[in-house]
Amino acid sequence: MIKIGIVGGTGYTGVELLRILATHPHAQLTAITSRKEDGVPVAQMYPSLRGRVDLAFSSPDKANLNECDVVFFATPHGVAMAQAPELLANGVKVIDLAADFRMQDVAQFEKWYGMEHSCKDLLPEAVYGLPELNRAQIKDARLIGNPGCYPTTMQLGFAPLLKAGVIDASNLIADCKSGVSGAGRKAEIGILFSETSDSFKAYGVAGHRHTPETIEQLQRLTKDKVELLFTPHLVPMIRGMHSTLYAQLTQEISNEALQALFETAYQDEAFVDVMPFGSHPETRSTRASNMLRIALHRPGNGKHVVILVVQDNLVKGASGQAVQCMNIMFGLDESTGLQHVSVNP
Ligand SMILES: NC(=O)C1=CN([C@@H]2O[C@H](COP(=O)(O)OP(=O)(O)OC[C@H]3O[C@@H](n4cnc5c(N)ncnc54)[C@H](OP(=O)(O)O)[C@@H]3O)[C@@H](O)[C@H]2O)C=CC1
Ligand SMILES: CC(=O)N[C@@H](CCC(=O)OP(=O)(O)O)C(=O)O
């Protein structure tokens, strides 16, 4: 059994980790932290976990995290970097769902997250936790920077085209929509029910921190300079993400050949579904599952390819992906504990 600690067990990604790990056959939940709910039984706060999780939340200083085999940080940016060095020194693997270990470019991290990176020396060994593009490195990693939710859709959508060299890397456009749970479980006016329901808006248009994260990773796939215009939107759903990606083709290529690029790239992937050409994937077809679905279109004069990508922001966009990484790091079948079918409708 893998002894597991979760720092930040009361947030949306934390409770999603609990939901997935509660039925994972190799997971032994050992410590779950919350500063505000110290001593409160997990199943009292989340009745969906009654009979599944019999631990209580404990404050991070009282939790025996050093006795775990792996610790997930489902916390705001900046928390994992303060605790990772001690955990790693004690032989504990670390998977951070926040951004502390995602970007190798420290200057970009500090600019976008508005904080100094307190353990830059660990960055060279940190592995970006996107299994479909980085499986070999994840296998041997001690420290994972789990991708952001938007970057997961953008990378898996653009990757086969960039690797094949059939699109203009300097002209990528991503128009992405997220459910409100993407903003976390906190009291903030902008995410109140009465502010977000029956309404729809863009945000971060002038710049969003997921742009440099995505560019850094996409740049590893091509020698051409990657440039990306990314606009996130908040839609009145609780969970789910829909990304519409646009790329300009640089050579004559048939629809069948484009489709074949994606089908070949993801043919062995348990969690990427390439749908028939021209499909319209819906977010609900991924709800509560670790599946990401992709469909290609070629509108108008055929000079562009439009890639539609859907996922559940809390599962493939966060906690499911983190468990997928854990499975790889501990030599388990990658799908272990992650085979839930989506909830439909
Ligand atoms: N929501 C999403 O769709 C996605 C989120 N992420 C990232 O995952 C991380 C967690 O997100 P989410 O679950 O939405 O966040 P929430 O705001 O819902 O939860 C944050 C959790 O962290 C704990 N926490 C807050 N501050 C500290 C601290 N200083 N030390 C220890 N624990 C702390 C909180 O509990 P308490 O205050 O009681 O200790 C709470 O359990 C974030 O970095 C987010 O950017 C990534 C991909 C998708
Ligand atoms: C709807 C919403 O607010 N989404 C968040 C992204 C959530 C996520 O994946 O982000 P990080 O882990 O990188 O913070 C945002 O735009 O900031």
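One-based numbering, in listed order, for ligands and for the atoms of each.
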Min heavy-atom dist Lys186 to ligand 1 below 4.0 Å: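 No, that is not the case, since the closest heavy atom of the residue is not under 4.0 Å from the ligand.
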
Per-atom contacts, ligand 1 versus [X] - under 4.0 Å to a heavy atom:
X      : result
Ala98  : 43 (O)
Gly184 : 14 (O), 18 (O)
Cys149 : 47 (C), 48 (C)
Gly9   : 41 (O)
Ala318 : 47 (C), 48 (C)
Leu314 : 1 (N), 2 (C), 3 (O)
Ser34  : 36 (P), 38 (O), 39 (O)

Please produce the table of protein N or O atoms sitting under 3.5 Å from N or O atoms belonging to ligand 2, one pair a line, distance to 0.1 Å.
from     : atom 1 : to     : atom 2 : distance (Å)
ligand 2 : 4 (N)  : Gly182 : O      : 3.2
ligand 2 : 4 (N)  : Tyr203 : OH     : 3.4
ligand 2 : 9 (O)  : Cys149 : N      : 3.0
ligand 2 : 10 (O) : His210 : NE2    : 3.3
ligand 2 : 12 (O) : Arg102 : NH2    : 2.7
ligand 2 : 13 (O) : Arg102 : NH1    : 2.7
ligand 2 : 13 (O) : His210 : NE2    : 2.4
ligand 2 : 14 (O) : His77  : NE2    : 3.0
ligand 2 : 14 (O) : Arg209 : NH2    : 2.4
ligand 2 : 16 (O) : Tyr203 : OH     : 2.6
ligand 2 : 16 (O) : His208 : NE2    : 2.8
ligand 2 : 17 (O) : Arg209 : NH1    : 3.2
ligand 2 : 17 (O) : Arg209 : NH2    : 3.0

Parallel, tilted or perpendicular, as decided by the 30° and 60° cut-offs, for the rings of His208 and Tyr150: perpendicular

Using side-chain heavy atoms (C-beta onward) and a distance below 4.5 Å, is [X] in contact with [Y]?
X      : Y      : answer
Leu245 : Asp175 : no
Val127 : Asp140 : no
Asp69  : Met329 : no
Phe72  : Thr13  : no
Leu258 : Val305 : yes

Would you mind checking which non-hydrogen protein atom is closest to [atom], with the distance to 0.1 Å?
atom                    : value
atom 5 (C) of ligand 1  : Thr13 CG2, 3.6 Å
atom 6 (N) of ligand 1  : Leu97 O, 4.0 Å
atom 20 (C) of ligand 1 : Ala74 O, 3.7 Å
atom 16 (P) of ligand 1 : Arg185 N, 3.7 Å
atom 47 (C) of ligand 1 : Gly317 O, 3.3 Å
atom 19 (O) of ligand 1 : Gly11 CA, 3.2 Å
atom 35 (O) of ligand 1 : Thr10 OG1, 3.3 Å
atom 42 (C) of ligand 1 : Thr75 O, 3.2 Å

Pairs involving residues 296-315, ordered by first then second residue, that meet salt bridge (charged side-chain N to carboxylate O under 4.0 Å, His left out) (sequence neighbours left out): Arg239-Asp312

Flag for Glu132-Gln324: side-chain donor and acceptor within less than 3.5 Å: yes

Side-chain donor-acceptor contact under 3.5 Å, Glu213 with Tyr128: yes

Ligand 1 contact on Ala99 by region, counting heavy-atom pairs under 4.0 Å: neither

Heteroatom proximity flag, [X] to ligand 1, N/O under 3.5 Å:
X      : answer
Arg102 : no
Lys36  : yes
Tyr12  : yes

Partner residues of His24 under the side-chain hydrogen bond (donor to acceptor under 3.5 Å, both in side chains) criterion, sequence neighbours left out: Asn327

Contacts of Ser48 that satisfy side-chain hydrogen bond (donor to acceptor under 3.5 Å, both in side chains) - sequence neighbours left out: none

Audit row: His304, Tyr246, ring-ring contact (aromatic ring centres under 6.0 Å, His included) steps and yes/no: CA-CA 7 Å; His304 294 84; Tyr246 300 84; 7.9 Å; no

Under-4.0 Å heavy-atom contact between protein and atom 44 (C) of ligand 1: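 No; the ligand atom in question lacks any protein heavy-atom contact below 4.0 Å.
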
Pro147, Cys149, Ser319 screened by side chain to side chain contact (heavy atoms under 4.5 Å, CB included) with Leu97, the one that passes: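 So the option named by the test is Ser319.
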
Of Lys316, Arg293, Arg135, the residue whose pairing with Glu269 passes salt bridge (charged side-chain N to carboxylate O under 4.0 Å, His left out): Arg135

Salt bridge present between Arg142 and Glu125 (N-O < 4.0 angstrom): yes

Ring centre gap for Phe330 and His26 strictly below 6.0 Å: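 For Phe330 and His26, the ring centres are not under 6.0 Å apart.
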
Proximity of His280 and His297 rings by center, below 6.0 Å: yes

Heavy-atom proximity to atom 26 (N) of ligand 1, best of Met241, His77, Arg35, Glu37: Arg35

